[in-house]
Amino acid sequence: MINHKFAILALTSTLVLNAAIANAAGKNGVAAVVNGQNITVAEIKEAYELAPGAKDKVSFEEFYTKTLDDFVANELVYQTAVAAKVTDTPEYKAQLKTMKKGLASKVYLEKEVDKMLTDDKLKKVYNDYKNNFKAEKEVKAKHILVDNEDKAKEVIKKLNNKGNFDKLAKEYSKEPAELGYFTKEVMVPEFAEAAFDLKKGQFTKEPVKTQFGYHVILVEDIRDAKPLTFDKAKEQIKGVVAQSALGKVLDNISSKASVVRYDFKGKEIANQ
């Protein structure tokens, strides 16, 4: 439902594991022992931190419970591969060489970009954002998302008969009901038009069809949008600044390099 072109891409920063959590879980920080080899809680914690959106969807304890068997299976396959001397094969060595190059490049770029993410720079970008902020209407809404129009009409009928929106959402909806506050442009057009046509306390009397299915929308509040506080905007600002910083790092590397390119037939390509 959210229009992803408005999402802000950010570089992955260096992770710092929570040692207290890691040591408290499992058995003295050990999640499993596979043929004498420990899988630590810290390893699973790191995967949790790296997994896109995981922290917004599940707690670490839930993630741990759901993925522990996957970690065990991966360790078993790895041990079997080593026993089969896969690490001695040309295929393994070629892929390892490529992965090493990629990892070295990634770590270098992260460190160089991180040097440029100073508080002064972040606050300057924030102040520019705040000074240029234009107030827009935003609504706070809930929705019930179902697969077909008949089911959506069934929900609307129950709402017309004083049905409780939250209870119906738990019974019918494919997604969590709460959407929070949003401005018109961040939602797909069909959803946005329907939501912003409603008054506070109203719900849609007809199903709203989008690429995701059929929605029943309830508007809980309408207000003028305000700029985010620095603390709330900081991670997004980091993403914006990081993209700019990455470009500068790459430009700096390129400017100092000697590069000769050839086309497919071996003819030298003139530098642009």
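Throughout, residue positions are numbered sequentially from 1 according to the sequence presented. We use all heavy atoms of the structure for the numbers below, so side chains are in, but hydrogens, waters and symmetry mates are not.
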- Between F182 and V219, is there a shared hydrophobic cluster once you connect ILVMFWY residues whose side-chain heavy atoms come closer than 4.5 Å? yes
- In terms of hydrophobic clustering (I, L, V, M, F, W, Y; side-chain heavy atoms under 4.5 Å; direct or indirect links), are V146 and F212 co-clustered? no
- So with a 6.0 Å cut-off around OH of Y181, is the heavy-atom count from everything else above 12? yes
Do any side-chain atoms of residues 86-104 form donor-acceptor pairs under 3.5 angstrom with protein atoms, and if so which ones, sequence neighbours left out?
from: T89; atom 1: OG1; to: V86; atom 2: O; distance (Å): 2.7
from: T89; atom 1: OG1; to: Y92; atom 2: N; distance (Å): 3.2
from: T98; atom 1: OG1; to: A94; atom 2: O; distance (Å): 3.3

- By side chain to side chain contact (heavy atoms under 4.5 Å, CB included), K170 pairs with (sequence neighbours left out) none
- To the nearest 0.5 Å, how far apart are CG in N74 and OG1 in T67? 10.0 Å
- Between L109 and V249, does a side-chain contact (heavy atoms from CB on, under 4.5 Å) hold up when you go through it step by step? CA-CA 8 Å; L109 290 174; V249 172; 3.8 Å; yes
- Task: Would you mind reporting whether D119 and K234 have side-chain heavy atoms less than 4.5 Å apart?
- Result: yes
Tell me which donor-acceptor pairs under 3.5 Å the side chains of residues 188-204 have, and how far apart each pair is, sequence neighbours excluded?
from: E193; atom 1: OE2; to: K184; atom 2: NZ; distance (Å): 3.4
from: Q202; atom 1: OE1; to: K199; atom 2: N; distance (Å): 2.8
from: T204; atom 1: OG1; to: I217; atom 2: N; distance (Å): 3.0

- Query: Which pairs with one or both residues in residues 249-267 pass side chain to side chain donor-acceptor pair (under 3.5 Å), sequence neighbours excluded?
  - Reply: none
- Task: Can you tell me which residue pairs pass the salt bridge (charged side-chain N to carboxylate O under 4.0 Å, His left out) test with a partner in residues 67-77, sequence neighbours excluded?
- Result: none
- Should I222 and M187 be regarded as members of a common hydrophobic cluster, given that ILVMFWY residues are connected when their side-chain heavy atoms come within less than 4.5 Å of each other, either directly or indirectly? yes
- Query: Any ion pair linking E171 and K167 (charged N to carboxylate O, less than 4.0 Å)?
  - Reply: no
- Query: Are side-chain heavy atoms of N132 and Y129 found at a separation under 4.5 Å?
  - Reply: no
- From T80 atom OG1 to N35 atom CG, the distance as rounded to the nearest 0.5 Å: 8.0 Å
- Message: Is there a side-chain contact (heavy atoms from CB on, under 4.5 Å) between V139 and D221? Walk through the geometry before answering.
- Response: CA-CA 6 Å; V139 301; D221 192 22; over 6 Å; no
- Query: Which pair of non-hydrogen atoms, one from Y214 and one from A152, has the smallest distance, and what is that distance?
  - Reply: CB-CB, 4.0 Å
- side-chain hydrogen bond (donor to acceptor under 3.5 Å, both in side chains) partners of E112, counting only residues at least two apart: K115
- Query: Taking the side chain as C-beta and beyond, is there a heavy-atom pair between M116 and K121 under 4.5 Å?
  - Reply: no
- Closest non-hydrogen atom pair, L117 against K238: CD2-O, 4.1 Å
- Considering all heavy atoms, the nearest A245-V113 contact: CB-CG1, 4.1 Å
- Is there a side-chain contact between H215 and I144 (heavy atoms, below 4.5 Å)? no
Cut-off 3.5 Å, no hydrogens considered: what does the side-chain donor-acceptor table look like for residues 56-65, sequence neighbours left out?
from: S59; atom 1: OG; to: E62; atom 2: N; distance (Å): 3.2
from: S59; atom 1: OG; to: E62; atom 2: OE1; distance (Å): 3.2
from: E62; atom 1: OE1; to: S59; atom 2: N; distance (Å): 3.0
from: T65; atom 1: OG1; to: E61; atom 2: O; distance (Å): 3.0

- Task: Taking the side chain as every heavy atom from C-beta outward, state whether P207 and K153 have any pair of such atoms under 4.5 Å apart.
- Result: yes
- Query: Please, which pairs that meet salt bridge (charged side-chain N to carboxylate O under 4.0 Å, His left out) have at least one residue in residues 127-145, sequence neighbours excluded?
  - Reply: K124-D128, K137-D224, E138-R223, K142-D166, K142-E178, K142-E220
- Message: Looking at every non-hydrogen atom in both residues, tell me the closest pair between F133 and A225 and how far apart they are.
- Response: CE2-O, 3.4 Å
- Task: Go through N164 and K158 one step at a time and tell me if the side chain to side chain donor-acceptor pair (under 3.5 Å) criterion holds.
- Result: CA-CA 8 Å; N164 181 276; K158 290 186 177 183; over 6 Å; no
- Task: Kindly indicate whether the side chain of V41, heavy atoms from C-beta on, has any atom under 4.5 Å from the side chain of V30.
- Result: no
- Query: L76 and V82: same hydrophobic cluster, using ILVMFWY side-chain contacts below 4.5 Å?
  - Reply: no
- Task: Could you tell me which non-hydrogen atom of L228 sits nearest to which non-hydrogen atom of Y126, and how far apart they are?
- Result: O-OH, 2.8 Å
- Task: Compare every heavy atom of Q79 with every heavy atom of V34, then report the nearest pair and how far apart it is.
- Result: O-NE2, 2.9 Å
- Sequence neighbours excluded, the answer for side-chain hydrogen bond (donor to acceptor under 3.5 Å, both in side chains) partners of D147 is K174
- Task: Give a yes or no answer on whether the side chain of S173 reaches the backbone of P176 with a donor-acceptor pair at less than 3.5 Å.
- Result: no
- Task: Walk me through it: do Y78 and Q37 pass the test side chain to side chain donor-acceptor pair (under 3.5 Å)?
- Result: CA-CA 11 Å; Y78 173 70; Q37 179 64 43; over 6 Å; no
- Message: Is it the case that the side chain of D114 and the backbone of E110 share a donor-acceptor pair, with hydrogens and angles ignored and the cut-off at 3.5 Å?
- Response: no
- Separation of L122 CG from F230 CZ (nearest 0.5 Å): 5.5 Å
- T183: side-chain hydrogen bond (donor to acceptor under 3.5 Å, both in side chains) partners, not counting sequence neighbours: E185
- Apply salt bridge (Lys or Arg N to Asp or Glu O under 4.0 Å) to K151 and list each qualifying residue two or more places apart in sequence or on a separate chain. none
- Query: Of all residues at least two apart in sequence or in a different chain, which pass the side-chain hydrogen bond (donor to acceptor under 3.5 Å, both in side chains) check with T40?
  - Reply: E43
- Item | In one Ile/Leu/Val/Met/Phe/Trp/Tyr side-chain cluster, 4.5 Å: L218, I156 | yes
